[in-house]
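Each ligand, and each atom within it, is numbered from 1 in the order the structure gives.
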Amino acid sequence: MINDLWYKNAVIYCVSVSTYLDTNGDGIGDFQGLMRRLDYLQGLGVTALWLMPFQPSPGRDDGYDVADYYGVDPRYGTLGDFVEFTHGCKQRGMRVLIDLVVNHTSDQHPWFQAARSNPNSKYRDWYVWSKKKPKNAEKGIVFPGVQRSTWDKDAVAGEYYFHRFYEFQPDLNTANPEVQAEILKIMGFWLQLGVSGFRMDAVPFVIASKGADVGEKPVEQYDMLREFSQFLTWREGEAIILAEANVLPGTDMKYFGEAGERLQMMFNFDVNQHLFYALASADAGPLVEAMKDTKPRPATAQWGQFLRNHDELDLGRLEEKQRQAVFAAFGPQPEMQLYGRGIRRRLAPMLGGDRRRLELAYSLMLTLPGTPVIRYGDEIGMGDDLRLPERNCARTPMQWSTEPNAGFTKSEHPILPVIDHGPYGFEHVNAADQRRDPNSLLNWMERMIRMRKEVPEIGWGDFRFVSTGTKTVLAMEYEWRNNAVLCLHNLEGAPREIRLTLKHDGEGCVLVNLLSGDHSEPNKKGRHTILMEAYGYRWFRVCGLDYLLKRDEV
Ligand code: GLC
Ligand code: CA
């Protein structure tokens with residue numbers, strides 16, 4: 001296959017305009033600020049930005065309650081600023097993905113306002129109504145403990161409306177052809193303004209059948225995904241959809257399509273949860289199973305691999321015992337947990353700020369089959385503020401420097417409080433200090449990202465697991481176009497010596513360390529003995545024995 005599929009070897013960085021950099025002193029991040037940081041992002045090596053919702057919104061769910069799909073919230077800037085931004089990214093060789101939130105609108109959206117106030121309006125059928133309270137009203141709640149039902153009575157309409165998420169997010173009736181056409185129109189609009197695709201929010205719910213008569217198991221209309229994808233390709237050949245779809249591994253092919261005719265990318269929630277279990281228990285077994293279960297196919301399909309995102313770390317797919325192990329290791333206090341299924345902390349505090357464990361986690365994530373997605377602030381090891389409600393604790397402003405409010409804003413009232421106390425306060429954790437320190441997490445991350453891009457085997461290739469004789473050391477070998485790379489990760493906080501033989505080992509092979517000078521040569525039987533330090537990791541290029549000869553010549 002030709003190399004045109006840019007997302008196969010990309011590094012994606014997720015950023016929220018509102019908490020990145022404020023330039024006009026109103027306490028709210030803006031596009032001008034984000035533009036000032038494009039060189040920082042290019043320097044870090046990311047090749048694509050995923051922008052969280054920035055459209056006009058009452059902001060009751062961090063912008064995931066959109067009130068106008070064709071605009072920029074005036075607090076962040078204008079459409080003109082947006083085009084300057086995508087242009088600035090293009091100049092630096094970075095692509096832009098934006099959030100596409102079309103499962104629901106804000107209840108303030110003019111469509112819902114028209115729908116609720118006039119039963120004869122064409123918008124009435126853009127939403128999902130019922131005269132009586134449906135039997136399933138307490139079923140399928142997404143935010144247990146916060147959300148009480150999925151159907152509420154609208155006082156103006158005098159009828160019940162369906163909302164999969166919060167009550168101020170009425171679901172769009174996505175089965176209505178007019179709604180489907182509008183979704184395409186929204187995509188077309190932003191493509192025209194320079195984006196390369198969409199992180200599509202809540203995809204299983206977008207394509208699910210909705211209504212009072214839907215039983216416990218809604219039926220997915222997968223064909224809708226093919227229509228979205230076809231439209232994108234007609235309008236802009238390189239555009240993709242990256243789906244948020246936390247579904248069972250057996251279902252993922254329905255989203256990709258057997259021949260790749262549906263979506264290009266999906267977040268790998270299954271691997272994500274088992275990865276945290278592996279970090280908590282030092283047992284690679286279940287993670288290996290999750291990777292086997294979600295082996296990427298067809299050739300155009302790609303997983304988005306991540307550690308933390310802007311939501312809680314959802315552990316809903318783990319077995320009860322596994323879930324309890326992750327809670328105990330990374331979020332033992334009730335205030336660290338959320339919705340009875342997840343952990344709401346940032347990565348660094350979860351790992352006790354231990355640099356070895358942070359490197360292990362990132363090295364592992366960067367070498368999982370797929371494309372890495374990094375959350376802003378994680379590159380400097382930012383922390384969380386558990387005093388903030390729900391998921392806001394991990395959405396605090398980016399910590400740029402030791403200036404007041406971390407250099408995020410000159411206002412005394414930032415949109416969310418800047419972390420200014422404890423070990424993760426901006427005086428200890430900020431980009432300016434880390435930029436000057438060659439050993440900082442930021443500079444380490446930059447080097448790792450550079451190396452990741454130079455190892456396209458991971459993004460493009462096929463993988464297999466190599467036996468290390470212990471469940472605590474994970475060994476994966478990637479192959480692509482006759483090149484191979486071996487990645488080792490010691491999940492345990494103790495050193496371990498491992499022995500392994502690679503399949504090319506008929507005559508033996510040399511393992512060339514990509515991150516430091518200690519290469520590994522095989523013994524006479526073609527076997528390698530490698531000492532892994534506590535939480536150690538290795539990236540090796542697998543070379544034939546003639547590598548030694550060549551090296552001796554130089
Ligand atoms: C997705 C988003 C989440 C949001 C929800 C409703 O799950 O990731 O942040 O609250 O959709 O739009
Ligand atoms: Ca501002």
Side-chain angles (χ1 to χ4, degrees), residues 14 16-37 50-55 57-67 69 72-78 81 85 97-107 109 140-147 150 162-172 174 198-206 208 242-247 266-267 269 272 304 306 308-314 316 338-339 341-342 344 373 375 389-395 397-398 405 407-416:
C14 163
S16 158
V17 182
S18 64
T19 50
Y20 212 53
L21 182 65
D22 169 30
T23 50
N24 62 355
D26 63 357
I28 304 171
D30 39 53
F31 274 104
Q32 298 278 352
L34 181 52
M35 278 188 274
R36 279 196 206 164
R37 289 298 182 254
W50 151 29
L51 235 56
M52 307 188 61
F54 54 80
Q55 289 84 356
S57 159
R60 296 180 67 189
D61 182 15
D62 208 18
Y64 285 91
D65 45 338
V66 177
Y69 289 98
V72 168
D73 192 303
R75 296 175 304 165
Y76 307 145
T78 63
D81 292 327
F85 159 73
L97 303 175
I98 64 168
D99 237 293
L100 180 66
V101 189
V102 291
N103 175 65
H104 46 264
T105 68
S106 158
D107 58 358
H109 196 292
I141 286 172
V142 177
F143 304 123
V146 184
Q147 185 188 353
T150 52
F162 175 62
H163 57 90
R164 171 63 65 195
F165 296 91
Y166 298 108
E167 80 286 353
F168 51 81
Q169 292 166 320
D171 266 50
L172 280 165
T174 43
F198 304 90
R199 177 264 186 196
M200 198 165 185
D201 190 56
V203 178
F205 301 127
V206 172
L242 162 56
E244 185 213 18
N246 186 351
V247 295
M266 273 171 87
F267 286 108
F269 283 94
N272 175 258
F306 63 105
R308 289 290 289 113
N309 62 16
H310 63 294
D311 290 326
E312 80 285 4
L313 164 64
D314 185 342
L338 195 59
Y339 309 135
R341 61 167 180 246
R344 64 187 191 121
V373 184
R375 169 117 173 102
E390 288 183 73
R391 296 158 288 161
N392 277 1
C393 59
R395 298 174 176 178
M398 179 68 183
N405 274 319
F408 160 69
T409 179
K410 295 222 173 338
S411 161
E412 283 171 17
H413 304 287
I415 178 163
L416 279 175

Heavy atom of R199, distance to ligand 1 below 4.0 Å:
yes
D311 heavy atoms within 4.0 Å reach ligand 1 at atoms 2 (C), 3 (C), 7 (O), 8 (O), 9 (O)
Hey, what's the angle at the Ca ion (ligand 2) spanning O (I28) and OD1 (N24), nearest 10 degrees?
150°
Show the nearest heavy-atom pair for residues S57 and G63, with the distance to one decimal.
OG-CA, 3.6 Å
Where's the contact between R164 and ligand 1, heavy-atom distance under 4.0 Å: side chain, backbone, both or neither?
neither
Provide the number and element of each atom of ligand 1 under 4.0 Å from a heavy atom of Y64.
2 (C), 4 (C), 9 (O), 12 (O)
Yes or no: does E312 have any heavy atom under 4.0 Å from an atom of ligand 1?
no
Would you call the rings of F165 and F205 parallel, tilted or perpendicular, where under 30° means parallel and over 60° means perpendicular?
perpendicular
D26: its N/O/S atom lying closest to the Ca ion (ligand 2) (atom name):
OD1
Any Y166 heavy atom less than 4.0 Å to ligand 1
no
Side chains of Y64 and D99, donor plus acceptor under 3.5 Å
yes
If you round to 10 degrees, what value do you get for the angle at the Ca ion (ligand 2) between D22 atom OD1 and D30 atom OD2?
90°
The answer for which part of F205 has a heavy atom under 4.0 Å from ligand 1 is neither
